[in-house]
Colleague: 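One structure is given below, represented as structure tokens, and several questions about it will come after.
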Amino acid sequence: MRGHFISFEGIDGSGKSTQIQLLSDHLERQGIVSHVFREPGSTVLSEKVREILLDLQHIELNPISESLLFAAARGQLVNEKIKPALHKGKWVICDRYTDSTTAYQGFGRGIDRDQIDTINHIATMGLEPEITFIIDIPPEVASARLETTDPDRMESTGLEFFQKVRKGYLVISKENPHRCVNINGNQNPGEVFNEIQQVIMNKIEKETICS
Ligand code: TYD
């Protein structure tokens, strides 16, 4: 049995979590229980790393240490949860994966791309999602959506940073047309999900029915 691996990407406030919930509910209605993971996090160790990364007090955290900590959390998640679930033929949905490190630490913080690619490869041993939804939204719209919550260390970085991250995602998408699908996140959640559902139908459900 072969599992399916789907990741969701986008800047903070792009609406990923809502879409992940809608997809997981959609699958459940068809009798498919998906494994949903968030990054950084979803294992005991990775959640501890998450606390360090998002703590507003850690202003001294430098970009390379930040990248390595995200990778450490991911390495644990891949080995402890993602690979075993895929081996059992399960659906895995990840709220962020390697593209977040490329977009945020690479394009956003300015870390050399080769170094980021190496770090990502070490953490995942090259395991790639089958589909990556990149929910694209202007940073001004996303930040207005986040205004009601207390910003964490990453969210308090500022609009200019998120503009770089957004551009980074568009580059990643162009470089990986075999798995990346851009979705306009500046629509209502139902409209966004319709697009996502179409892609899932075309790429996976059809293939499952035909095999
Ligand atoms: P989170 O509260 O999970 O944000 P969101 O709901 O938008 O996913 O916090 C994760 C933060 O960490 C988010 O600002 C993106 C950032 N991040 C990176 O900078 N690099 C990474 O590799 C990952 C996985 C996340």
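Counting convention: from 1, in listed order, for ligands and their atoms alike.
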Colleague: Verify the neighbour count for atom CD of Glu175: are there more than 12 heavy atoms of other residues, nucleotides or ligands below 6.0 Å?
Modeller: yes

Colleague: Return the OG to CD1 distance between Ser7 and Ile134, rounded to the nearest 0.5 Å.
Modeller: 8.0 Å

Colleague: Any chance the side chains of Glu140 and Gln163 put a donor and an acceptor closer than 3.5 Å?
Modeller: yes

Colleague: Nearest protein heavy atom to atom 22 (O) of ligand 1, by residue and atom, and its distance?
Modeller: Thr101 OG1, 2.6 Å

Colleague: Do Ser17 and ligand 1 have an N or O pair less than 3.5 Å apart?
Modeller: no

Colleague: Measure the distances from the heavy atoms of Arg38 to every atom of ligand 1 and state whether one is below 4.0 angstrom.
Modeller: no

Colleague: Output the list of atoms in ligand 1 that are nearer than 4.0 Å to some heavy atom of Asp12, sorted by atom number.
Modeller: 4 (O), 7 (O), 13 (C), 14 (O)

Colleague: With heavy atoms under 4.0 Å as the rule, classify the contact between Ile11 and ligand 1 as side chain, backbone, both or neither.
Modeller: neither

Colleague: Just need the protein heavy atom nearest to atom 20 (N) of ligand 1, so name the residue and atom and give the distance.
Modeller: Gln105 OE1, 2.8 Å

Colleague: So which heavy atom in the protein is nearest atom 7 (O) of ligand 1, and how far is it from that ligand atom?
Modeller: Arg96 NH2, 3.0 Å

Colleague: Identify the protein heavy atom lying closest to atom 10 (C) of ligand 1, giving its residue, its atom name and the separation to 0.1 Å.
Modeller: Pro40 CD, 3.9 Å

Colleague: Begin with the C-alpha distance, continue with both residues' side-chain angles, and end with the deciding distance and a verdict on side chain to side chain contact (heavy atoms under 4.5 Å, CB included) for Arg179 and Glu130.
Modeller: CA-CA 6 Å; Arg179 66 175 171 88; Glu130 202 171 336; over 6 Å; no

Colleague: One residue to check: Glu66. Relative to ligand 1, which of side chain, backbone, both or neither has a non-hydrogen atom less than 4.0 Å away?
Modeller: neither

Colleague: Answer with yes or no whether the side chains of Gln198 and Asn194 bring together a donor and an acceptor at under 3.5 Å.
Modeller: no

Colleague: Begin with the C-alpha distance, continue with both residues' side-chain angles, and end with the deciding distance and a verdict on salt bridge (charged side-chain N to carboxylate O under 4.0 Å, His left out) for Arg113 and Asp117.
Modeller: CA-CA 6 Å; Arg113 184 65 194 277; Asp117 289 348; 3.3 Å; yes

Colleague: Lys16 near ligand 1, heavy-atom distance under 4.0 Å?
Modeller: yes

Colleague: Quick one: do the Thr101 and Arg74 side chains pair a donor with an acceptor below 3.5 Å?
Modeller: yes

Colleague: Under 3.5 Å, is there a donor-acceptor pair between the Asn176 and Thr132 side chains?
Modeller: no

Colleague: Look only at interatomic distance and state if Tyr97 has a nitrogen or oxygen under 3.5 Å from any nitrogen or oxygen of ligand 1.
Modeller: no

Colleague: Considering only non-hydrogen protein atoms, determine which one is nearest to atom 1 (P) of ligand 1 and report residue, atom name and distance to 0.1 Å.
Modeller: Arg50 NH2, 3.5 Å

Colleague: Identify the closest protein heavy atom to atom 16 (C) of ligand 1: which residue and atom is it, and at what distance?
Modeller: Phe70 CZ, 3.8 Å

Colleague: Determine whether more than 12 heavy atoms belonging to other residues, nucleotides or ligands lie under 6.0 Å from atom NZ of Lys83.
Modeller: yes

Colleague: Would you say the ring centroid of Tyr97 lies under 6.0 angstrom from that of Phe5?
Modeller: yes

Colleague: Heavy atom under 4.0 Å from ligand 1: found in Leu54's side chain, backbone, both, or neither?
Modeller: side chain

Colleague: Provide, to 0.1 Å, the distance between atom 24 (C) of ligand 1 and the closest protein heavy atom, together with that atom's residue and name.
Modeller: Arg74 NH2, 3.5 Å

